[in-house]
Amino acid sequence: MTLQHIPVFLGEVLEALRCERPGLYVDCTVGAGGHAKGILTSSPENRLIGIDWDQEAIGIASENLKGFGARVTLVREDFSSLKTVLDELKIREVDGFLFDLGLSSVQLASKERGFSFQEDSPLDMRMDRRKEVMASDLINKLPARDLVRILKVYGEERWAGRIVSGILRERDKGPITMTRQLSTIVCSAIPHAYRAGRIHPATKTFQALRIAVNRELDQLDTAIKDAVGYLKTGGRICVISFHSLEDRIVKEVFRTLERGCTCPPRIPYCVCGFRKSITVLTRKPIRPSASEINNNPRARSAKLRVAERV
Ligand SMILES: C[S@@+](CC[C@H](N)C(=O)[O-])C[C@H]1O[C@@H](n2cnc3c(N)ncnc32)[C@H](O)[C@@H]1O
């Protein structure tokens, strides 16, 4: 298994967070610790709290960051519990937050975890293995209409209906338990003419199931709002997303936090009490350069949005 993960937008993130200014940074998705290492190296006084819900990621980050000693605190937790994590550590203010969403290359390459259709492994796909529901549970137990919705909404899969019919036929014979089995069902469900595209035919189905298993989009807006609540004035938040659903959530939360007051214009004074809490620094998301994509094809779909606490 590879323990390598090339951090996306590393230079842009370090610059946006102004990490050369000594401070406390929270990496809400520490993964293999690539961005974390960059943050800690930017100033010898920087401290970092790294959060990840995957025990294996915490183990790898701890190994990769051990040279920084007590400047690093790693916590295995869902970033939706950010408030609890920071309150338990008695942290009141933070200089910068990073969310680098989705899956790491380490998780993708892990043979037993079921994220990749390139390996034959049990259909698990849980990033946090304390959770009970695996991809095989969804595939074998959900009614057809729910599966279709998952593939359409989370995978933007145009052949969702055909793929789910294939799944239903197969699961009538016996449970679908392995990644290859699912990948074969998907490939045979997609019309011949569409199978030889730029991406593997099973990519969208695997993405959709992974998002559903991990409920990746459920708490993102709350976590970003919570993070902003801890930012010092002038502190910054960076969010890297890898598909349009995530990016849409980030864009909308940033817009809401920047707008503040939600009262209709006909009301002459504010009754809602919401105040503008950030200025968005990226009107359009930052996209990777050609050389970054060349060096790290995973960066292809990445978008970075940055905001500053007012
Ligand atoms: C793209 S990787 C981060 C890689 C990291 N920036 C680096 O440079 O090594 C995303 C990480 O976020 C974690 N993750 C995703 N959603 C999470 C959540 N809700 N709570 C905690 N960790 C999460 C995943 O387990 C994964 O390790």
Side-chain angles (χ1 to χ4, degrees), residues 1-14 16-17 19 25-42 48-65 68 72-86 96-110 113-116 124-131 154 207 210-227 237-243 245-247 249-250 288 292 295-304:
M1 176 177 71
T2 174
L3 297 183
Q4 291 298 318
H5 173 91
I6 307 174
V8 176
F9 293 128
L10 179 59
E12 290 86 343
V13 166
L14 298 180
L17 292 178
C19 292
Y25 297 86
V26 179
D27 183 342
C28 295
T29 50
V30 72
H35 288 101
K37 189 173 183 182
I39 292 171
L40 287 158
T41 315
S42 298
L48 179 121
I49 296 168
I51 300 171
D52 205 296
W53 56 7
D54 179 349
Q55 184 60 44
E56 251 167 62
I58 291 292
I60 294 167
S62 137
E63 183 60 29
N64 289 345
L65 302 173
F68 298 99
V72 183
T73 306
L74 295 174
V75 184
R76 182 194 185 185
E77 201 39 271
D78 186 331
F79 60 55
S80 64
S81 303
L82 186 62
K83 272 185 164 178
T84 314
V85 171
L86 296 183
F97 280 94
L98 170 65
F99 291 79
D100 176 18
L101 301 170
L103 199 64
S104 76
S105 310
V106 181
Q107 290 165 325
L108 187 64
S110 169
R113 303 195 56 181
F115 291 114
S116 168
D124 184 327
M125 295 199 192
R126 290 167 303 164
M127 286 196 241
D128 180 347
R129 283 162 138 174
R130 296 169 296 191
K131 301 246 160 81
Y154 295 156
Q207 172 189 298
R210 193 200 84 214
I211 293 174
V213 167
N214 295 290
R215 309 185 63 163
E216 287 175 40
L217 305 178
D218 291 9
Q219 303 289 337
L220 182 54
D221 58 346
T222 314
I224 293 174
K225 283 180 187 159
D226 287 347
I237 175 167
C238 289
V239 187
I240 303 172
S241 61
F242 289 87
H243 54 81
L245 298 167
E246 276 172 353
D247 183 56
I249 294 173
V250 181
E292 173 152 27
N295 187 33
N296 180 13
R298 209 183 69 86
R300 197 177 48 226
S301 52
K303 289 181 183 167
L304 167 64

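Just follow the structure's listing: the first ligand is 1, and inside any ligand the first atom is 1.
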Q: Can you pull out the closest protein heavy atom to atom 2 (S) of ligand 1? Residue, atom name and distance to 0.1 Å, please.
A: Ser104 CB, 3.7 Å
Q: Report the C-alpha separation of Lys303 and Glu246 in whole Å, then their side-chain angles, then the decisive distance to 0.1 Å, and conclude whether the salt bridge (charged side-chain N to carboxylate O under 4.0 Å, His left out) test is met.
A: CA-CA 10 Å; Lys303 289 181 183 167; Glu246 276 172 353; over 6 Å; no
Q: Arg126 and Asp124: salt bridge (charged side-chain N to carboxylate O under 4.0 Å, His left out), yes or no, with the steps?
A: CA-CA 6 Å; Arg126 290 167 303 164; Asp124 184 327; 2.9 Å; yes
Q: Do any nitrogen or oxygen atoms of Ile51 come within less than 3.5 Å of a nitrogen or oxygen of ligand 1?
A: no
Q: Do any N/O atoms on Gly33 end up under 3.5 angstrom from N/O atoms on ligand 1?
A: yes
Q: What is the nearest protein non-hydrogen atom to atom 12 (O) of ligand 1, stated with its residue, atom name and distance?
A: Thr29 CB, 3.2 Å
Q: Under a 4.0 Å heavy-atom limit, does His35 contact ligand 1 with its side chain, its backbone, both, or neither?
A: both
Q: What are the atoms of ligand 1, with element, lying closer than 4.0 Å to any heavy atom of Ala32?
A: 9 (O)
Q: Give yes if a backbone or side-chain nitrogen or oxygen of Gln107 is under 3.5 Å from a nitrogen or oxygen of ligand 1, and no if not.
A: yes
Q: Minimum heavy-atom separation for Pro288 and Arg300, please, with both atom names.
A: CG-O, 4.1 Å
Q: Under 4.0 Å from a heavy atom of Val30: which atoms of ligand 1 are those, numbered in the order shown and with their elements?
A: 5 (C), 7 (C), 9 (O)
Q: Quick check on Leu220 - does any of its heavy atoms sit under 4.0 Å from an atom of ligand 1?
A: no
Q: Below 3.5 angstrom, do we get any N/O pair linking Gly34 and ligand 1?
A: yes
Q: Looking at every non-hydrogen atom in both residues, tell me the closest pair between Ala32 and His5 and how far apart they are.
A: CB-CB, 4.0 Å
Q: Could you point out which residue of Leu14, Asp27, Val239, Leu304 forms a side chain to side chain contact (heavy atoms under 4.5 Å, CB included) with Leu98?
A: Asp27
Q: Work out which heavy atom in Arg298 is nearest to a heavy atom in Ile6; give both atom names and the distance.
A: NH2-O, 4.3 Å
Q: Name the orientation class of the two ring planes belonging to Phe99 and Phe79 (parallel below 30°, tilted from 30 to 60°, perpendicular beyond 60°).
A: perpendicular
Q: Heavy-atom distance to atom 26 (C) of ligand 1: which of Asp52, Asp100, Val8 wins?
A: Asp52
Q: Measure the CG-OG distance between Asp100 and Ser241 for me, rounded to the nearest 0.5 Å.
A: 9.5 Å
Q: When you look for heavy atoms under 4.0 Å from ligand 1, do you find them on the side chain of Leu101, its backbone, both, or neither?
A: backbone
Q: Should the proximity of Asn214 to ligand 1, defined as any heavy atom under 4.0 Å, be assigned to the side chain, the backbone, both, or neither?
A: neither
Q: Just wondering, do Ile211 and His243 contact through their side chains at under 4.5 Å, heavy atoms?
A: yes
Q: Between ligand 1 and Glu77, can you find any atom pair, the residue atom being a heavy atom, that is separated by under 4.0 Å?
A: yes
Q: Any heavy atom of Leu10 sitting closer than 4.0 Å to ligand 1?
A: no
Q: Return the residue, atom name and 0.1 Å-rounded distance of the protein heavy atom closest to atom 20 (N) of ligand 1.
A: Phe79 N, 2.8 Å
Q: Around atom 19 (N) of ligand 1, find the nearest protein heavy atom and jot down its residue, atom name and distance.
A: Asp78 OD1, 3.1 Å
Q: Has the side chain of His35 got a donor or acceptor atom that lies under 3.5 Å from a matching backbone atom of Val8?
A: yes
Q: Just to verify, which of Asp54, Val72, Ile58, Ile49 counts as forming a side chain to side chain contact (heavy atoms under 4.5 Å, CB included) with Val30?
A: Ile58
Q: Identify the protein heavy atom lying closest to atom 22 (N) of ligand 1, giving its residue, its atom name and the separation to 0.1 Å.
A: Trp53 N, 3.3 Å
